[in-house]
Every structure is written in C-alpha cells, then in structure tokens.
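Both ligands and their constituent atoms are indexed starting at 1 by order of listing. All residue numbers refer to positions in the sequence shown, counting from 1. Excluded from the calculations below are hydrogen atoms, water molecules and symmetry mates; all remaining heavy atoms, backbone and side chain alike, are included.
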Amino acid sequence: MENTSKQSIVANNVILQSEDLYKYILETSVYPRELEPLKELRNATANHPTAFFGTAPNAGQLIAMILKILNAKKTIEVGVFTGYSLLLSALTIPNDGKITAIDVNRLAYEIGLPFIKKAGVEHKIDFIESQALPVLDKLLEDPEEEGSFDFAFVDADKGNYWNYHERLIKLVKIGGVIIFDNTLWGGFVALPEDVVPVYKREWRQSTILFNKKISEDPRIEISHASIGDGITICRRVC
Ligand SMILES: C[S@@+](CC[C@H](N)C(=O)[O-])C[C@H]1O[C@@H](n2cnc3c(N)ncnc32)[C@H](O)[C@@H]1O
Ligand SMILES: O=c1cc(-c2ccc(O)cc2)oc2c(O)c(O)ccc12
C-alpha cells in the first residue's frame, strides 16, 4: 500500500501508516502474550465477511492493561460482534466480575460463544440482544446502577457515540473509564470529505463532531490514542 504524508492508511483495521511496523508490534509484543482463547476466537472470526470489526489485538492488550490498573470488576460492552474484546475483558476481570454486553446481533456472538465457554468465563457475561440505548436507559432507571460501573467499552454504531457517552458518564463511577473505538475512523476524520468513500461519510462526520464534543467535556480527562483504528480513553473526574 502506498504511503504519502497526506493520505492516511488503514490496513488490517489499524491506523498505523506502516503494515511492516504493525506486523512487528503484533509479532514482537502482542501475539506471544495473547491468551490462547483469544487466539482461537480471533482465528474463528478470521473468515467472517466483517472480520475487520474485531478489536485490533494491540488495542486489546492496552484495554486489558487499563482493566487491570483499574481493578475493574463491573463493566459494560456496547457492540460485541463475535466477542474478541468481550472475551478479553472476561479473561481479565476477577472471577466474580460482571460484564453487561449489548449487541443487536446474537448470531455473531454465538460464533464466539464456544470459545468463551471453553475459557470458563461465560458466568461473568450477561449478554443482552438489543439496541444499546434502551438498555443503558433502563440501567439508569435503577439508582443503584448509577456510578456503579468501573469501565465501559464502546464499539458499535458510531453515530450514537455521544448518546452512549451521555448515559455511560452517569453509569461509570468517578475514576472509572470509558473507551470509544474507531475515533480516527480510518484516518478519514483528518481528510477532506471528497476523498472519503461515500458510505463512510456519515460516520466520519459524526466521529468528527463526537471528537470535538468529547474534547470539550469537563466531566472527563481524555487520551486520544492512535492505536487500532483510534481509541479515545475517557476517565470520569466529576
Ligand atoms: C465493530 S463491531 C464490535 C466488535 C467487537 N468489539 C470485537 O472486538 O469483536 C460492532 C457491533 O455493534 C453492533 N451494533 C451496531 N449498532 C448497535 C446498536 N445500536 N446497539 C447495539 N449493538 C449495535 C453490531 O451488531 C456489531 O456487532
Ligand atoms: O467499517 C466499519 C463498520 C463498523 C460498523 C458497521 C455497522 C455497525 O452497526 C457497527 C459498526 O465498525 C467498524 C469497526 O468497529 C472497525 O474497527 C473498523 C471498521 C468498521
């Protein structure tokens, strides 16, 4: 793939502008440490028509580290697909931890489910087949759920990211973390609209708006990291 200073490149669902360097990172630092159940689930997803939906393994490694630093026990996952990031969280949180995992597509989840079961972590997962917004709204109706989550990972419909943020900021505790995936949207956020494939334009625009709003939100500290397809790490401060 050609590399120019103006043109961002997305290869293997990552923003990094060198496939060789990405391969180097994976082979040196990620794959040797990737847990066997995650490898198995990733391989089982590899031939899926939307295999690129799966969270980049190096971003996953960072997410696992953040979960550990937080001692996260109670988490939310918005957008499961076959469950790479879900299994990663389930393997990372303690045995009595709980993940509320929401996706409109149970069929995709069922591709990953045998690997989740084999890893012995299914008991930590409450999978809810639904649009995510009503589930988050329902959680917020219960005062005990407010401020009770340690962590949330959002990797679903990009046009709803701000709506998810407005709910998750109330559900995670002060000091808790929300991570949003795809916040560089293949590098298209920094390119003029006319070079963006038409089908990517709507979510490019929502991502640009989301990035601006999140950068101005005083309730959180943020780090916009160029790992995977871009992740924004938000820590609730008030
Ligand atoms: C990029 S995939 C998630 C990938 C996942 N994090 C992984 O590591 O494999 C996005 C998922 O969001 C789900 N999704 C899209 N819109 C949704 C919505 N409104 N509510 C819940 N899930 C949604 C899709 O069905 C899809 O499985
Ligand atoms: O190109 C995509 C598209 C999605 C996507 C499509 C439809 C949905 O309902 C949700 C998400 O997600 C992606 C993604 O998470 C990624 O890392 C790269 C590309 C895409």
_Residue part near ligand 2, for T55, under 4.0 Å between non-hydrogen atoms_ =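 Neither; no heavy atom under 4.0 Å.
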Is any NZ, NE, NH1 or NH2 atom of the basic residue among [X] and [Y] found under 4.0 Å from an Asp or Glu carboxylate oxygen of the other?
{"X": "D96", "Y": "K73", "value": "yes"}
{"X": "E166", "Y": "R219", "value": "yes"}
{"X": "K39", "Y": "E36", "value": "no"}
{"X": "E202", "Y": "K158", "value": "no"}

In terms of the angle between their ring planes, are F127 and Y109 parallel, tilted or perpendicular, with boundaries placed at 30° and 60°?
->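 Taking Y109 first and then F127, their aromatic rings lie parallel (interplane angle under 30°).
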Item to check | Geometric class of the F151/F153 ring pair [parallel <30°, tilted 30-60°, perpendicular >60°] | outcome: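 Taking F151 first and then F153, their aromatic rings lie parallel (interplane angle under 30°).
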What is the nearest protein non-hydrogen atom to [atom], stated with its residue, atom name and distance?
{"atom": "atom 5 (C) of ligand 1", "value": "V80 O, 3.3 Å"}
{"atom": "atom 17 (C) of ligand 1", "value": "D157 OD1, 3.5 Å"}
{"atom": "atom 8 (O) of ligand 1", "value": "T55 OG1, 2.8 Å"}
{"atom": "atom 27 (O) of ligand 1", "value": "D103 OD2, 2.7 Å"}
{"atom": "atom 10 (C) of ligand 1", "value": "D155 O, 3.0 Å"}
{"atom": "atom 19 (N) of ligand 1", "value": "Q131 OE1, 2.9 Å"}

- Task: Please confirm whether Y164 comes under 4.0 Å of ligand 1, counting heavy atoms of the residue only.
- Result: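 Within the 4.0 Å threshold, so yes.
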- [ ] Could you tell me whether ligand 1 has any atom less than 4.0 Å away from a heavy atom of G60?
- [x]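 For ligand 1, residue contact (heavy atoms, under 4.0 Å) with G60 is absent.
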If you count the atoms of ligand 2 from 1 in the order shown, which ones are under 4.0 Å from a heavy atom of [X]?
{"X": "N182", "result": "14 (C), 15 (O), 16 (C), 17 (O), 18 (C)"}
{"X": "K200", "result": "1 (O)"}
{"X": "D155", "result": "15 (O)"}

Just by modelled atom types, is the L191 backbone N or O under 3.5 Å from a matching donor or acceptor in the R204 side chain?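 The answer is yes, because a donor-acceptor pair under 3.5 Å joins these two groups.
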Is it the case that the side chain of K23 and the backbone of S18 share a donor-acceptor pair, with hydrogens and angles ignored and the cut-off at 3.5 Å?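 Looks like no, no N/O pair under 3.5 Å.
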Output yes when the distance from some N or O of ligand 1 to some N or O of [X] is under 3.5 Å, and no in every other case.
{"X": "N160", "answer": "no"}
{"X": "F81", "answer": "yes"}
{"X": "A132", "answer": "yes"}

Practice prompt. List the steps and the verdict of side-chain contact (heavy atoms from CB on, under 4.5 Å) for L140 and E146.
Written response: CA-CA 6 Å; L140 279 168; E146 218 169 289; 4.1 Å; yes
Part of A108 within contact of ligand 1 (heavy atoms, under 4.0 Å):
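Under 4.0 Å from ligand 1, A108 contributes no heavy atoms.
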Closest candidate by heavy atom, reference atom 21 (C) of ligand 1, pool G159, G79, S130
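Comparing heavy atoms across G159, G79, S130, the nearest one to atom 21 (C) of ligand 1 lies in S130.
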Next on the checklist: Which option wins on minimum heavy-atom distance to atom 23 (C) of ligand 1: I111, V104, N105?
Outcome noted: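 The option holding the nearest heavy atom is V104.
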Hey, does [X] come in under 3.5 Å of ligand 2, counting only N/O atoms on both sides?
{"X": "D157", "result": "no"}
{"X": "D229", "result": "no"}
{"X": "W185", "result": "no"}

Looking at E144, I'd like to know if its CD atom is crowded, meaning that more than 12 non-hydrogen atoms belonging to other residues, nucleotides or ligands lie closer than 6.0 Å.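 Not more than 12 within 6.0 Å, no.
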Review point. Which ligand 1 atoms are under 4.0 Å away from a heavy-atom of G54?
Key: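 In order of number, 7 (C), 8 (O), 9 (O).
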**OP:** Test F180 against F210 for ring-ring contact (aromatic ring centres under 6.0 Å, His included), laying out the working first.
**Re:** CA-CA 10 Å; F180 293 91; F210 171 77; 4.7 Å; yes
inquiry  = Measuring from non-hydrogen atoms of W203 to any atom of ligand 2, is the shortest distance under 4.0 Å?
reply    =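 It does; at least one heavy atom falls under 4.0 Å.
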**Prompt:** Is Y199 near ligand 2, meaning one of its heavy atoms is under 4.0 Å from it?
**Reply:**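 No, Y199 has no heavy atom closer than 4.0 Å to ligand 2.
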- Task: Have a look at E145 and tell me which of K173, K170, K74 forms a salt bridge (Lys or Arg N to Asp or Glu O under 4.0 Å) with it.
- Result: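 Single salt bridge (Lys or Arg N to Asp or Glu O under 4.0 Å) partner of E145 among K173, K170, K74: K74.
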Going by atom types alone, do H224 and T183 pair a side-chain donor with an acceptor below 3.5 Å?
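Checked: H224/T183 side chains pair up, N/O donor to acceptor below 3.5 Å.
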